[in-house]
Amino acid sequence: MQALWALITNSFIIGFIQGKIYRGKIKNVCVPGLNCYSCPGAIASCPIGALQAVIGSYEFKFSFYIAGFMIFIGAIMGRFVCGWLCPFGFIQDLLHKIPFKKKIRTFKGDRPLRYLKYVILVVFVILMPLFIVDIIGQGTPYFCKLICPAGTLEGGLPLVIMNEGLQRTVGWLYAWKNLLLVITIIASIIIYRPFCKYICPLGAIYSLFNPISVFKYRVNEEKCINCHACSNICKMNVNPVKNSNALECIRCGKCKSICPTNAIEYRYLDRKSIDKKS
């Protein structure tokens with residue numbers, strides 16, 4: 001599913017050959033996951049990058065569309081997007097399959113570090129582009145410019161490799177972004193989805209909708225035998241029995257698949273509210 005969606009959203013194959021970005025009308029549409037606008041194959045926009053570009057201008061109604069889009073997707077699916085529709089999440093999944101002597105499941109600062117993505121969301125995605133704007137009121141996408149390793153991998157590297165002119169202009173910022181990419185790649189081999197856990201501002205937004213989204217999980221207490229199989233298999237370190245719709249849950253479905261009694265169920269509507277109405 002992740003591979004198919006990555007292929008669909010990056011289907012402008014000729015862009016990789018020519019080293020050019022697709023600029024057709026579809027580029028005005030956002031995709032649910034983190035897929036860089038500057039990727040030569042990308043046919044649509046990343047919602048985080050698009051939001052930063054227009055959030056500082058009252059003249060751009062496009063920002064309302066982007067915010068509405070993310071709220072709509074979050075309200076429907078929550079972090080299901082992270083588990084199934086994010087190309088960079090898929091890349092991290094592949095990297096984590098690379099054999100390594102000792103994988104790190106958790107560490108002492110794991111839980112506090114997960115709040116970092118909310119800080120990045122507020123500071124780099126909202127506040128800096130909102131208050132630091134150019135003469136026409138447009139903000140700079142600081143998260144994309146200074147942090148995002150997905151943009152470096154999907155956009156920066158292919159464009160620089162294919163364009164001699166860009167090769168002559170790269171400097172310290174390009175080196176810094178590549179350093180962050182290398183760190184992310186190494187970390188992804190050792191830790192499951194470190195970018196999703198600690199850095200991604202889009203995941204931070206969607207996580208807030210996990211408890212209230214239309215698509216969610218529920219644990220049938222009558223079926224649950226407290227075997228802890230679900231919490232043991234969860235690579236995001238979520239315990240579905242304690243909180244089946246925790247902020248860190250990416251709805252990958254591994255807990256549901258391994259449950260011996262099928263106690264973990266999909267929950268599209270609040271059954272209690274349905275019972276009351278009936």
- prompt: Tell me the ring-ring contact (aromatic ring centres under 6.0 Å, His included) pairs involving residues 156-179, sequence neighbours left out?
  reply: none

field: Inter- and intrachain pairs under ring-ring contact (aromatic ring centres under 6.0 Å, His included), touching residues 20-49, at least two apart
entry: Phe12-Tyr22

Under a single-linkage definition using a 4.5 Å side-chain heavy-atom cutoff for Ile, Leu, Val, Met, Phe, Trp and Tyr, are [X] and [Y] assigned to the same hydrophobic cluster?
X	Y	result
Leu181	Leu173	yes
Met1	Val31	no
Leu130	Leu121	yes
Leu116	Val238	no
Ile8	Phe16	no

Is there a side-chain contact between [X] and [Y] (heavy atoms, below 4.5 Å)?
X	Y	value
Ile48	Ile205	yes
Ser244	Ile264	no
Arg111	Thr106	no
Ile132	Thr140	no
Cys230	Pro240	yes
Pro260	Cys227	yes

Rounded distance [0.5 Å steps], [atom1] in [X] versus [atom2] in [Y]:
X	Y	atom1	atom2	result
Phe69	Ser45	CZ	OG	10.0 Å
Lys103	Ile189	NZ	CD1	7.0 Å
Asn232	Asn237	CG	CG	10.5 Å
Thr152	Leu180	OG1	CG	7.0 Å
Ser213	Ile73	OG	CD1	11.5 Å
Leu146	Met128	CG	CE	6.0 Å

- prompt: Of all residues at least two apart in sequence or in a different chain, which pass the side chain to side chain donor-acceptor pair (under 3.5 Å) check with Asp93?
  reply: Gln2, Tyr192, Arg193

task: Go through the structure and list residues passing side chain to side chain donor-acceptor pair (under 3.5 Å) with Lys117, not counting sequence neighbours.
output: Glu248

How close do [X] and [Y] get, heavy atom to heavy atom, and via which atoms?
X	Y	value
Gly49	Pro141	O-CB, 4.4 Å
Ala44	Val29	CB-O, 3.1 Å
Ile120	Ile147	CG2-CD1, 4.3 Å
Gln92	Ser188	CG-OG, 3.7 Å

message: Donor-acceptor pair, distance only, cut-off 3.5 Å: does the side chain of Asn245 make one with the backbone of Tyr217?
response: yes

- request: Output all residues satisfying side chain to side chain contact (heavy atoms under 4.5 Å, CB included) with Cys200, sequence neighbours left out; order by chain, then residue number.
  value: Leu34, Phe195, Leu202

field: Contact list for residues 4-20, test side-chain hydrogen bond (donor to acceptor under 3.5 Å, both in side chains), sequence neighbours left out
entry: Asn10-Asn35

field: Pairs meeting criterion side-chain hydrogen bond (donor to acceptor under 3.5 Å, both in side chains) with involvement of residues 196-207, two or more places apart
entry: Asp110-Tyr198, Tyr118-Ser207

message: Using side chain to side chain contact (heavy atoms under 4.5 Å, CB included), reason through Asn210 and Lys216 one step at a time and then give a plain yes or no.
response: CA-CA 7 Å; Asn210 258 9; Lys216 61 176 67 175; over 6 Å; no

- prompt: After noting the C-alpha distance and the side-chain angles of Val241 and His228, does the key distance pass the side chain to side chain contact (heavy atoms under 4.5 Å, CB included) rule?
  reply: CA-CA 8 Å; Val241 176; His228 305 294; over 6 Å; no

- request: Please confirm whether Lys256 makes a cation-pi placement over Tyr266, using NZ or CZ under 6.0 Å from the six-membered ring centre and within 45° of the ring normal.
  value: yes

- prompt: Are there more than 12 heavy atoms of other residues, nucleotides or ligands under 6.0 Å from atom CD1 of Ile14?
  reply: no

message: Test: salt bridge (Lys or Arg N to Asp or Glu O under 4.0 Å). Region: residues 223-234. Which pairs qualify, not counting sequence neighbours?
response: Lys223-Glu265

Cut-off 3.5 Å, no hydrogens considered: what does the side-chain donor-acceptor table look like for residues 153-165, sequence neighbours left out?
from   : atom 1 : to     : atom 2 : distance (Å)
Glu154 : OE1    : Cys36  : N      : 2.9
Asn163 : ND2    : Gly19  : O      : 3.0
Asn163 : ND2    : Leu159 : O      : 2.7

Throw together a table of side-chain donor-acceptor distances under 3.5 angstrom for residues 77-85, partners on residues two or more places apart or in other chains.
from  : atom 1 : to     : atom 2 : distance (Å)
Arg79 : NH1    : Leu247 : O      : 3.4
Arg79 : NH2    : Cys196 : O      : 3.3
Trp84 : NE1    : Arg251 : O      : 2.6

- prompt: Other hydrophobic cluster members with Leu94, side-chain heavy atoms of Ile/Leu/Val/Met/Phe/Trp/Tyr under 4.5 Å, chained?
  reply: Phe90

- line: Under a side-chain separation threshold of 4.5 Å, the hydrophobic residues clustered together with Ile258 are Ile233

- request: Report the C-alpha separation of Cys144 and Gln52 in whole Å, then their side-chain angles, then the decisive distance to 0.1 Å, and conclude whether the side chain to side chain contact (heavy atoms under 4.5 Å, CB included) test is met.
  value: CA-CA 9 Å; Cys144 301; Gln52 293 171 87; 3.2 Å; yes

task: Could you walk me through whether Phe143 and Ile126 pass the side chain to side chain contact (heavy atoms under 4.5 Å, CB included) test, one step at a time?
output: CA-CA 10 Å; Phe143 172 74; Ile126 298 176; over 6 Å; no

